[in-house]
Amino acid sequence: MKEIVCKLLVIGAGPGGYVCAIRAGQLGVDTVIVESTKAGGICLNIGCIPSKALIHAAEEFDKVRHFAGAKNGLGISVEAPRLDLAQTVRWKDGIVGRLNAGVLGLLRKAKVKIVHGRAHFRDGKTVEVETETGTQVIRAETVVIATGSEPVELPALPFGGSVISSTEALSLTAVPKMLAVVGGGYIGLELGTAFAKMGSEVTVVEAMPQILPQYDAELLKPVAKRLGELGVRVLTGAKAKGLAKEALVVETASGEEKRFAADWILVTVGRKPRTEGWGLEELDLDHAGRFIRIDERCRTSMRGVYAIGDVTGEPMLAHRAMAQGEMVAEIVAGRKRAWDKRAIPAVCFTDPEIVTAGLSPDEARAQGYEVRIGQFPFNANGRAMTTQQEDGFVRAVARADTNLVVGLQAVGAGVSELSSAFSLALEMGARLEDIAGTIHAHPTRSEGLQEAALKALGHALHI
Ligand code: FAD
Ligand code: NAD
């Protein structure tokens, strides 16, 4: 097969890789992208999109079940609803398919050459790809590693049989009667909540003293309350020890050994970079722990080799990967760029949702700031009342000396959509007065942001 020579080679077509390739193509850079499975990566095929599809279906089913139950005050009643999970999964696969084709179309539009197969490094600028029609050698001036991540396996609970990762959980065709989730982080709680809403009896086993340990206890309260309402059993400070006769063996926080029967055991204890088994070891790049070390331009320790996305470490989020991909494409095209983001927002799609950008009050204090905090509860927000979802709040964290906003957080129904307002405020260096002085449409949950800023300034209007 004829060797391909190009200016830019991107390995992996996840959100990091495909965005990098599209932008490079738009800028006229001769670009090749290699993908071993399907365009869109983890995010589009077995991550963000399919999980949010399942979460939506579970929410709708839960809502209808609620209407079929006791009086709900709205005057709506329905007959006993049923869920056909196999059909839900087909619907989810349809969305994935549409996005998949969309990404391939965008790559073609940007004149990016797509090679299907697994890349293996020969040296820092040359890879071999095992394609359906033979070995394809590709030589490039610049290489971008965007190979993403894979689930961490627990030695006591290796994947296989009834022990599954998020990938399998997103394609179950029947709702499990009993589901055990090991790891109460992002995936465990998003999917655990969804399955509880679909009717599973869910047990979450979390090693740390708190589920979602990266969030402060106040943000977590409404989520913990809702888990309780859904009947999810949460064991914190607990260790999963292994399997015994279709039951998960757990050492509880008090040192007791307990068994929890489960049809499936979903292990979600984090993800690790995909850095092994494809010749990367021989490049001898510098690492930061298990991840590839990068600088503020996503350069690795080898000249002309960049790395972006999950393979470079936390936060392992699709929008970070995309932002890095876009930046690297522009650098390769000769533009002056460096990572100068003030905030990478994070959203946890639990019930209710949690959104954060910038510093929490404790993080701000730890950085030496004296802080001014304003918090506005959704039970004082008209829109929240009319949607019967009043739990949660918006919180603004600002420097006490200048009123510069350094962090914004919220927990509540639909607050994921506040993430752009939060990031914009931080990127633009907003002060409390800027947010307070901006007209927020009524009635919306976003009024909570304006009120949180007003509260921090000492003159909230609606509490
Ligand atoms: P990936 O998406 O992992 O893509 C890497 C690509 O490289 C893959 O397609 C892989 O096949 C390919 N590849 C690897 N090795 C080779 C090779 N040698 N040759 C050729 N191709 C190769 N993030 C969010 O921001 N929001 C969410 O709501 C969210 N939900 C998630 C839900 C789940 C269940 C999971 C698992 C993850 C979720 N994430 C979410 C995280 C998000 O999916 C990742 O941060 C994102 O996909 C990382 O993008 P990436 O481009 O770095 O890598
Ligand atoms: P995570 O890091 O979010 O959570 C893992 C949890 O498992 C932690 O709470 C940890 O304390 C716990 N844990 C670790 N070892 C354990 C053990 N032996 N027993 C019990 N608990 C244990 O990881 P995840 O949920 O696997 O998700 C991986 C990554 O994917 C996330 O870090 C995030 O970057 C990304 N993701 C993002 C979203 C989103 O943005 N909404 C959704 C899903 C995944």
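If you read the sequence from its start, that first residue is 1, and numbering goes on from there. In listed order, ligands and their atoms are each counted from 1. Side chains included, hydrogens not; waters and symmetry mates left out as well; all remaining heavy atoms used.
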So, Arg271 side chain and Ser149 main chain: donor-acceptor pair closer than 3.5 Å or not?
yes

Side chain, backbone, both or neither: the part of Pro151 lying under 4.0 Å from ligand 1 by heavy atom:
neither

Go through the steps to decide whether Thr203 and Arg233 satisfy the test side-chain hydrogen bond (donor to acceptor under 3.5 Å, both in side chains), and finish with yes or no.
CA-CA 5 Å; Thr203 302; Arg233 189 191 285 128; 2.7 Å; yes

Glu35 side chain to Ala13 backbone, donor-acceptor under 3.5 Å
yes

Quick one: nearest non-hydrogen protein atom to atom 41 (C) of ligand 1, plus distance?
Met316 O, 3.6 Å

Can you tell me the protein heavy atom closest to atom 26 (O) of ligand 2 and the distance?
Gly270 N, 2.9 Å

In terms of relative ring orientation, are Trp91 and His56 parallel, tilted or perpendicular, with 30° and 60° separating the classes?
tilted

Sub-3.5 Å N/O-N/O distance, Ile187 and ligand 1:
no

Classify the contact between Leu154 and ligand 2 as side chain, backbone, both or neither, using a heavy-atom distance cut-off of under 4.0 Å.
side chain

Shortest protein contact, atom 37 (C) of ligand 2 (heavy atom only)
Tyr186 CD2, 3.7 Å

Say whether Thr37, considering both its backbone and side-chain N or O atoms, lies within less than 3.5 Å of an N or O atom on ligand 1.
yes

Heavy-atom distances under 4.0 Å decide this one: backbone, side chain, both or neither, for Glu190 against ligand 2?
side chain

Out of curiosity, Thr300 OG1 to Asp284 CG, how far, rounded to the nearest 0.5 Å?
11.0 Å

Residue, atom name and distance, where the atom is the protein heavy atom closest to atom 43 (C) of ligand 2:
Ile187 CG1, 3.4 Å

Nearest non-hydrogen atom to atom 20 (C) of ligand 1 belongs to which of Ser36, Gly17, Ala307?
Ser36

When you measure from atom 17 (C) of ligand 1 to every protein heavy atom, which one gives the shortest distance, and what is it?
Ala119 N, 3.7 Å

Check Ser149 against ligand 2 and report side chain, backbone, both or neither, counting heavy atoms closer than 4.0 Å.
neither

For atom 4 (O) of ligand 2, find the nearest protein heavy atom and state the residue, atom name and distance (0.1 Å precision).
Gly185 CA, 3.2 Å

Tell me which protein heavy atom sits closest to atom 49 (O) of ligand 1, plus the residue, atom name and distance to 0.1 Å.
Pro15 CD, 3.3 Å

Can you tell me how far the CE atom of Met198 sits from the CG atom of Leu54, to the nearest 0.5 Å?
4.0 Å

Identity and distance of the protein heavy atom lying nearest atom 35 (C) of ligand 2
Met316 O, 3.4 Å

Regarding atom 7 (O) of ligand 2: of the candidates Ala207, Gly188, Gly183, which has the closest heavy atom?
Gly183

Looking at Glu168, I want to see if its CD is surrounded by more than 12 non-hydrogen atoms of other residues, nucleotides or ligands under 6.0 Å.
yes

Residue, atom and distance of the protein heavy atom nearest atom 29 (C) of ligand 2 read Arg271 CD, 3.9 Å

Considering non-hydrogen atoms of the protein only, which is the closest contact for atom 15 (N) of ligand 1, and what is the distance?
Thr147 CG2, 3.4 Å

Heteroatom distance test (Trp278, ligand 1): nitrogen or oxygen, under 3.5 angstrom
no

Would you call Phe349 a ligand 1 contact, heavy-atom distance under 4.0 Å?
yes

Students should be able to answer this: which protein heavy-atom is nearest to atom 39 (N) of ligand 1, and at what distance?
Cys48 SG, 3.7 Å

To check your reading of the model: name the closest protein heavy atom to atom 36 (C) of ligand 1, its residue, and the distance in Å.
Arg271 NH1, 3.4 Å

Main chain of Lys2, side chain of Gln136: is a donor-acceptor contact present, judged purely on distance under 3.5 Å?
yes

I want to confirm something. Looking only at heavy atoms, which of Gly188, Ala146, Pro50 is nearest to atom 5 (C) of ligand 1?
Ala146

For atom 17 (C) of ligand 2, what's the nearest protein heavy atom and its distance?
Val269 CG1, 3.8 Å

Polar-atom distance check: Cys43 versus ligand 1, any N or O pair below 3.5 Å?
yes

Protein residue, atom and distance nearest to atom 8 (C) of ligand 1, heavy-atom basis
Glu35 OE1, 3.5 Å

Pairs of nitrogen or oxygen atoms closer than 3.5 Å, one from Arg118 and one from ligand 1: do any exist?
no

Side chain or backbone of Lys52 under 4.0 Å from ligand 1, or both, or neither, by non-hydrogen atoms?
side chain

With heavy atoms only and a cut-off of under 4.0 Å, state how Val205 meets ligand 2: side chain, backbone, both or neither.
backbone

Step through the shown structure and confirm whether more than 12 heavy atoms of other residues, nucleotides or ligands are within 6.0 Å of CD on Glu276.
no

For atom 53 (O) of ligand 1, which of the options Gly148, Ala13, Gly279 provides the nearest non-hydrogen atom?
Gly148

For ligand 1, is Pro315 a contact, meaning one of its heavy atoms is under 4.0 Å away?
no

Identity and separation of the nearest protein heavy atom to atom 35 (C) of ligand 1:
Gly47 CA, 3.6 Å

Protein heavy-atom partner closest to atom 11 (O) of ligand 2 - residue, atom, separation in Å
Glu206 OE2, 2.6 Å

Min over His116, Glu314, Arg274, Met322 of heavy-atom distance to atom 14 (C) of ligand 1 lands on Arg274

Does an N or O anywhere in Gly16 fall below 3.5 Å from an N or O of ligand 1?
yes

